[in-house]
Amino acid sequence: MSSKKKILVTGGCGYIGSHTVVELIHNNFEVIIIDDLSNSSIQTINNIEKITGIKPLFCECDLKNKKHLDNIIRYNKNIDATIHFAAYKAVGESVKKPLTYYQNNITSLLNLLEVQSNYNIDNFIFSSSATVYGHPKKLPITEKNKTQRPFSPYGNTKKIAEEILEDIANSEKNFSCISLRYFNPIGAHESSLIGELPNGIPNNLLPYITQTAIGLREKLSVFGNDYPTPDGTPIRDYIHVVDLVKAHVKALKRQLNNQQESNFEIFNLGTGNGYSVMDVIKTFEKVASRKLNYEIVDRRNGDVPELYANANLAKEKLCWKAEKNLEDMIRSSWEWEQKARK
Ligand code: UDP
């Protein structure tokens with residue numbers, strides 16, 4: 001019998017999921033990916049194999065289909081833990097199609113929890129977001145900051161999901177959950193074989209910048225320069241995706257080694273450093289040695305002036321700290337974009 005721990009990764013072909021799978025394989029875990037390929041490509045599996053030398057098991061499945069999910073989990077016996085990424089994530093689209101977002105993100109979670117509980121899989125890592133802090137009054141944001149209703153239905157699915165998980169953790173003492181609240185993940189694997197490839201027009205700053213620079217978009221709209229920040233543009237805590245996924249593996253090990261202090265834990269994943277939109281643009285121009293076409297436009301609804309993490313809890317409890325700086329992150333995003341468009 002294999003001594004490797006078996007980890008189910010939902011959404012394992014996606015941006016953060018695929019980087020996590022690579023890190024799990026590097027750490028000697030056996031990985032089973034479930035993905036419906038709605039916002040990802042099957043080619044990712046081959047690219048994971050190119051990076052790691054191991055092809056993870058892949059099952060195409062929509063988590064809303066409980067019977068299919070049940071068959072997969074029954075067939076792949078003895079799964080030790082689940083890392084749940086699979087979710088719709090386009091903020092703007094979620095405002096237009098809230099029902100689709102609640103149906104997909106919440107039904108998927110409920111099905112997964114129900115099925116895994118039937119097979120006594122008690123360990124769960126959840127992909128959450130700093131969006132659950134809403135418009136925080138106190139910075140930097142610690143895990144003690146109160147959550148608020150997020151601006152978008154997408155954000156609200158993350159908040160509701162955490163509440164569901166906390167309720168289950170309160171009622172089922174065997175259930176262990178760690179929720180990881182991401183700040184702004186950017187960047188790509190150093191191989192440029194996996195990275196972020198958004199469907200259609202990107203919502204997020206980095207893919208919009210790299211797609212503009214490569215000629216797919218005419219210009220970047222900078223959403224407001226009249227915020228109460230030093231250069232007037234909003235400040236965010238950007239974190240390299242490879243740093244981010246390393247925290248997942250640390251959280252998983254904490255869970256599997258029964259080191260959790262309670263069966264529902266939350267950690268912020270950020271660097272603790274805030275950079276403005278103009279800082280990001282200037283850094284991009286430096287690392288890519290080119291000018292970026294951009295214009296200042298009106299503020300975007302729901303944007304807050306400043307968000308950055310206090311990531312001390314993750315440092316203390318997970319022994320994890322983000323290592324890569326803004327230049328590293330942006331360089332890797334740019335290298336990925338250039339390779340992806342070849
Ligand atoms: N932003 C921008 N233009 C864009 C996309 C984003 O100016 O096309 C700004 C946005 O206003 C915010 C920052 O970039 O201040 C990060 O936005 P993103 O959507 O990447 O992440 P968020 O922090 O909103 O989750």
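Whatever order the structure lists them in is the order used to number ligands and atoms, beginning at 1. Just so you know, these numbers come straight off a predicted model, no measurement behind them.
Of all the atoms in ligand 1, the ones that sit under 4.0 Å from a non-hydrogen atom of V222 are 7 (O). Residue N203 approaches ligand 1 through these ligand atoms, each under 4.0 Å from one of its heavy atoms: 5 (C), 19 (O). Each of the atoms 3 (N), 4 (C), 8 (O) of ligand 1 lies under 4.0 Å from some heavy atom of L220.
Protein heavy atom nearest atom 16 (C) of ligand 1, with residue, atom name and distance: Y238 OH, 3.5 Å. Protein heavy atom at the shortest distance from atom 9 (C) of ligand 1 is V277 CG2, 3.7 Å. Counting only heavy atoms of the protein, atom 7 (O) of ligand 1 lies nearest to F223 N, 3.0 Å. Given atom 11 (O) of ligand 1, the protein heavy atom at minimum distance is D303 OD2, 2.5 Å. Among all non-hydrogen protein atoms, the one lying nearest atom 21 (O) of ligand 1 is N184 ND2, 3.1 Å. The protein heavy-atom contact nearest to atom 3 (N) of ligand 1 is S221 O, 2.7 Å. The protein non-hydrogen atom at the shortest distance from atom 20 (O) of ligand 1 is L205 N, 2.8 Å.
Within 6.0 Å of CD1 on I201 lie no more than 12 heavy atoms contributed by other residues, nucleotides or ligands. Within 6.0 Å of OH in Y294 there are 12 or fewer heavy atoms belonging to other residues, nucleotides or ligands.
Shown are V9, I125, I34, L109; of these, the side-chain contact (heavy atoms from CB on, under 4.5 Å) with H84 is made only by L109.
A salt bridge does not link R181 to E143: none of the charged side-chain nitrogens sits closer than 4.0 Å to a carboxylate oxygen.
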Candidate pair N47 and T44, rule side-chain hydrogen bond (donor to acceptor under 3.5 Å, both in side chains), full reasoning: CA-CA 5 Å; N47 290 341; T44 304; 5.6 Å; no
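Using a 30° and 60° split on the angle between ring planes, H19 and Y15 fall in the perpendicular class, above 60°.
Residue-level proximity to ligand 1 for L307 is absent, since no heavy atom of it falls below 4.0 angstrom.
In this structure, of I235, V91, I281, N204, the residue bringing a heavy atom nearest to atom 18 (P) of ligand 1 is N204. For atom 17 (O) of ligand 1, the choice among Q211, E306, R300, R236 with the nearest heavy atom turns out to be R300.
Remark: the T142 side chain and the N310 side chain contain no N/O donor-acceptor pair separated by less than 3.5 Å. Judged purely by distance below 3.5 Å, without hydrogens or angles, the side chains of Q255 and Q260 pair a donor atom with an acceptor atom.
A ring pair (Phe, Tyr, Trp, His ring centres under 6.0 Å) check over residues 164-217, counting only residues at least two apart or in different chains, returns the pairs Y182-H248.
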